[in-house]
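One structure is given below, encoded as structure tokens.
Indexing begins at 1, ligand by ligand and atom by atom, following the structure's order.
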Amino acid sequence: MARICASVYTSHVPAIGAALDLGKMGEPYWQPVFAGYELSRAWLAQHRPDVVFLVYNDHASAFSLDVVPTFAIGTGAEFEPADEGWGPRPVPKVIGHPALASHIAQSVIQDDFDLTIVNRMDVDHGLTVPLSLMCGQPKAWPCPVIPFAVNVVQYPVPSGRRCFQLGRAIRRAIERYDEPLNVQVWGTGGMSHQLQGPRAGLINQKFDKDFLDRLIADPEGLAQMPHIEYVREAGSEGIELVMWLIARGAMSDKPPRVAHRFYHVPASNTAIGSLILENVP
Ligand code: DHB
Ligand code: FE
């Protein structure tokens with residue numbers, strides 16, 4: 001039986017990828033951001049999973065307004081970094097896990113959640129920046145990654161409640177997989193940010209810190225928050241935070257151990273947050 005040992009939560013700001021790729025990590029603006037992830041990288045090196053199930057959002061790279069899947073699971077053998085306008089990021093291609101991904105699709109769909117099955121797609125900063133933050137700049141990513149894309153870009157978006165319940169279905173699916181794999185579920189995007197309009201640049205530190213507190217201690221209560229509250233309090237792109245509830249829903253019902261928590265403002269137009277939660281046996 002496969003097991004979920006831990007979950008990781010992190011923002012995905014594209015400028016962080018650019019700072020890494022251009023070697024700007026030591027600049028005064030970026031230094032505190034990367035310093036906040038030193039412990040995360042050390043933790044990951046010590047708690048290397050067999051597979052990462054990575055919940056993220058695509059930003060019109062793999063999908064356009066032609067097709068808008070609410071939840072899409074990557075069942076392919078590999079996924080190339082997307083070209084988002086400046087050429088693909090110089091990072092390793094992502095190696096998938098088709099057998100586990102297909103099993104999760106089968107189990108979660110039979111558990112009444114509709115997924116779009118994607119055998120071929122490129123992955124954008126939503127997926128590659130979290131990998132870079134957690135792994136640095138390796139020649140190959142440390143393990144296979146199953147991309148799980150959530151639509152938080154084009155309305156209507158899924159509710160936090162549905163995301164949390166979906167996380168539980170993903171947990172059931174992983175625990176039914178007949179191989180002793182150690183799996184981590186990552187929830188990415190956020191924290192508060194708004195990229196356009198009169199409120200562009202909005203950061204709500206109180207909202208973000210409360211979100212982190214509640215994600216740890218009261219995820220089921222937090223999952224009841226309506227999407228309009230994310231948008232009002234955390235900005236239009238703050239809605240990316242519903243993806244963290246999928247990863248949290250995949251964790252055990254017992255209170256988790258907090259291995260690391262980090263929050264910093266600013267990183268480009270966003271507040272950057274990160275959390276590592278371990279399942280307690
Ligand atoms: C920024 C943040 C995002 O989440 C994104 O997808 C694009 C840009 C930013 O802060 O610049
Ligand atoms: Fe984004």
Side-chain angles (χ1 to χ4, degrees), residues 8-22 24-25 27 29-30 32-34 36-37 54-65 68-72 74 79 81-89 91 94 121-134 147-158 160 163 186-205 207-208 211-212 227 230-247 262-275:
V8 170
Y9 307 82
T10 176
S11 307
H12 67 210
V13 191
I16 291 178
L20 258 164
D21 301 342
L22 300 171
K24 295 185 174 179
M25 293 84 86
E27 289 189 359
Y29 184 87
W30 291 113
V33 173
F34 291 104
Y37 281 86
L54 205 157
V55 182
Y56 76 109
N57 71 289
D58 177 74
H59 302 73
S61 304
F63 308 116
S64 68
L65 291 184
V68 186
T70 303
F71 300 116
F79 307 91
D83 184 345
E84 298 182 61
W86 293 270
R89 286 192 63 211
V91 291
V94 170
M121 66 175 169
D122 293 345
V123 286
D124 72 11
H125 71 270
L127 184 132
T128 62
V129 168
L131 281 173
S132 294
L133 280 168
M134 293 299 297
F148 190 86
V150 180
N151 169 42
V152 286
V153 169
Q154 176 60 40
Y155 278 79
V157 299
C163 287
W186 293 13
T188 63
M191 298 199 80
S192 58
H193 61 304
Q194 167 133 2
L195 300 180
Q196 67 278 307
R199 297 205 310 162
L202 177 142
I203 301 283
N204 184 342
Q205 299 206 28
F207 176 92
D208 290 341
F211 188 91
L212 291 169
H227 83 269
Y230 287 87
V231 175
R232 187 177 62 233
E233 298 297 325
S236 51
E237 280 68 43
I239 190 67
E240 289 177 349
L241 283 168
V242 292
M243 296 185 289
W244 294 31
L245 285 165
I246 297 181
F262 172 63
Y263 184 75
H264 174 80
V265 177
S268 188
N269 300 294
T270 89
I272 182 160
S274 182
L275 195 60

Residue of the set Trp244, Tyr9, Phe207 for which side-chain contact (heavy atoms from CB on, under 4.5 Å) holds with Met191: Trp244
Interfacing atoms of ligand 1 (cut-off 4.0 Å, heavy-atom, Thr270): 2 (C), 10 (O)
Leu54 side chain near Val123 side chain, heavy-atom distance below 4.5 Å: no
Heavy-atom gap Ala15 to ligand 1 smaller than 4.0 Å: no
Main-chain N/O of Thr10 paired to Thr188 side chain as donor or acceptor, under 3.5 Å: no
Heteroatom test (N, O or S) for His59 near the Fe ion (ligand 2), limit 2.8 Å: yes
Residue Glu240 atom name (nearest to the Fe ion (ligand 2); N/O/S): OE2
The Fe ion (ligand 2) reached by His193 (N, O or S, under 2.8 Å): no
Of the N, O or S atoms in His12, the one nearest the Fe ion (ligand 2): NE2
From Glu84 atom CD to Asp58 atom CG, the distance as rounded to the nearest 0.5 Å: 8.0 Å
Expected output: side-chain Asn204 to main-chain Glu233 donor-acceptor under 3.5 Å: yes
Ligand 1 atoms in contact with Ser268 (distance to a heavy atom under 4.0 Å): 9 (C), 10 (O), 11 (O)
Pick from Glu237, Glu84, His193: the one approaching atom 3 (C) of ligand 1 most closely through a non-hydrogen atom: His193
Side-chain donor-acceptor contact under 3.5 Å, Asp208 with Ser192: yes
